[in-house]
Amino acid sequence: MLIDIITGTPLYVWLILALLVYRGVKRLYPRDVHLRAFVILPLLFLFLAGHRLATLDYTHAMLVGLVGGLVVGALLTVMLRPQDRLSYAGGDSAHVEGEWHTLAMVLALFAALYAQNAGLAVNPALANNVPFMLAVNAVIGIATGFSTARAVAYLLKVKRLANAGESASR
């Protein structure tokens, strides 16, 4: 049955996975990033989470999992402090050391969405299965909460460093 699910998955899903892995692997290495790039992934994740709420039949477990995951993801950002690996590169850019967070979060989000979509396609009754909906949406929430909180932390640090640089040059 698992083979049938995997082979029945449309090609574009595998292309999306390949693109996400490629982007995640690129982030393993140091790079200069335009500030706009910090918000692209969180906006995508927020859109996907909102899309789940809008298109699937609402269940309490879905909302609890998503909101709980958002909180856990934000707390992970506080604990891991990814902004410590960021420095201001001048203008609208920042230098970010290599990190594994992005790859982990995009793979977690992809796996959760894949499991949810495949599971519901095979067995629509899973929409009312509390443990399934809670777990899958918690993972979606963690990935979304982490990426959003990380973007906020990055942007706040760049703003603080830019302001400190302006103050020092006066």
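All of these numbers come straight from a predicted model, not from anything done at the bench. Throughout, numbering of the chain's residues begins at 1 and tracks the sequence.
Leu113 has its side chain within reach of Ile140: a pair of non-hydrogen atoms, C-beta onward, lies under 4.5 Å apart. When side chains are defined from C-beta on, Pro42 does not count as touching Thr144, because their heavy atoms never get closer than 4.5 Å. Residues Val106 and Phe45 form a side-chain contact, since some pair of their non-hydrogen atoms from C-beta on lies under 4.5 Å apart. Contact annotation: the side chain of Phe38 approaches that of Val96 to within less than 4.5 Å [non-hydrogen atoms, C-beta and beyond]. Between Leu107 and Leu17 there is a side-chain heavy-atom pair separated by less than 4.5 Å. Using a 4.5 Å heavy-atom cutoff, the side chains of Tyr22 and Leu103 are not in contact. Residues Phe132 and Val136 are in side-chain contact: their nearest non-hydrogen atoms beyond the backbone lie under 4.5 Å apart. At a threshold of 4.5 Å between non-hydrogen side-chain atoms, the residues Tyr154 and Val39 do not count as touching.
Following chains of ILVMFWY side-chain contacts shorter than 4.5 Å, one cannot reach Leu19 starting from Leu109, and the two form parts of different hydrophobic clusters. In the hydrophobic clustering of this structure, Tyr114 groups with Val21; members are Ile, Leu, Val, Met, Phe, Trp, Tyr whose side-chain heavy atoms approach within less than 4.5 Å, directly or through other members. Following chains of ILVMFWY side-chain contacts shorter than 4.5 Å, one can reach Val25 starting from Trp14, so the two form part of one hydrophobic cluster. Val139 and Phe47 fall into different hydrophobic clusters, defined by Ile, Leu, Val, Met, Phe, Trp and Tyr side-chain heavy atoms under 4.5 Å apart, directly or through other members. By the rule that hydrophobic residues join a cluster once side-chain heavy atoms approach within less than 4.5 Å of another member, Leu155 and Leu46 end up as members of separate clusters.
For the atom pair Leu134 CG and Met62 CE, the distance stands at 11.5 Å (nearest 0.5 Å). Distance CE/Met79 to CG/Leu75: 8.0 Å, rounded to 0.5 Å. Of the inter-residue distances, the one linking Asn137 atom CG with Leu63 atom CG reads 9.0 Å to the nearest 0.5 angstrom. Note that CG of Leu44 is 9.5 Å distant from CD1 of Ile40, once rounded to the nearest 0.5 Å. Atoms CG and OG, from Asp32 and Ser87 in turn, are 8.0 Å apart once rounded to the nearest 0.5 Å. Going from atom CG of Leu11 over to atom CG of Leu15 covers 4.5 Å, rounded to the nearest 0.5 Å.
Listed by chain and residue number, nothing satisfies the salt bridge (Lys or Arg N to Asp or Glu O under 4.0 Å) test with Arg160 (two or more places apart in sequence, or in another chain). Considering only residues two or more places apart in sequence or on other chains, Asn117 meets the side chain to side chain donor-acceptor pair (under 3.5 Å) condition with Arg52. Checked against ring-ring contact (aromatic ring centres under 6.0 Å, His included), Phe146 has the following partners two or more places apart in sequence or in another chain: His101.
The two residues Ala127 and Met133 have their closest heavy-atom pair at O-CG, 3.5 Å. Nearest heavy-atom pair across Thr77 and Ala149 is OG1-CB, 3.5 Å. The heavy-atom pair separating Met105 from Ala143 by the smallest distance is SD-CA, 3.5 Å.
Using a 4.0 Å cut-off between a side-chain N of Lys or Arg and a carboxylate O of Asp or Glu, Glu97 and Arg27 do not qualify as a salt bridge.
Looking at Arg81, Arg85, Arg150 one by one, the single match for salt bridge (charged side-chain N to carboxylate O under 4.0 Å, His left out) with Glu99 turns out to be Arg150.
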**Study point:** Test log, rule side-chain contact (heavy atoms from CB on, under 4.5 Å), inputs Arg36 and Asp92
**Key:** CA-CA 8 Å; Arg36 281 188 307 249; Asp92 289 338; over 6 Å; no

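No more than 12 heavy atoms of other residues, nucleotides or ligands sit less than 6.0 Å from atom NE2 of His51.
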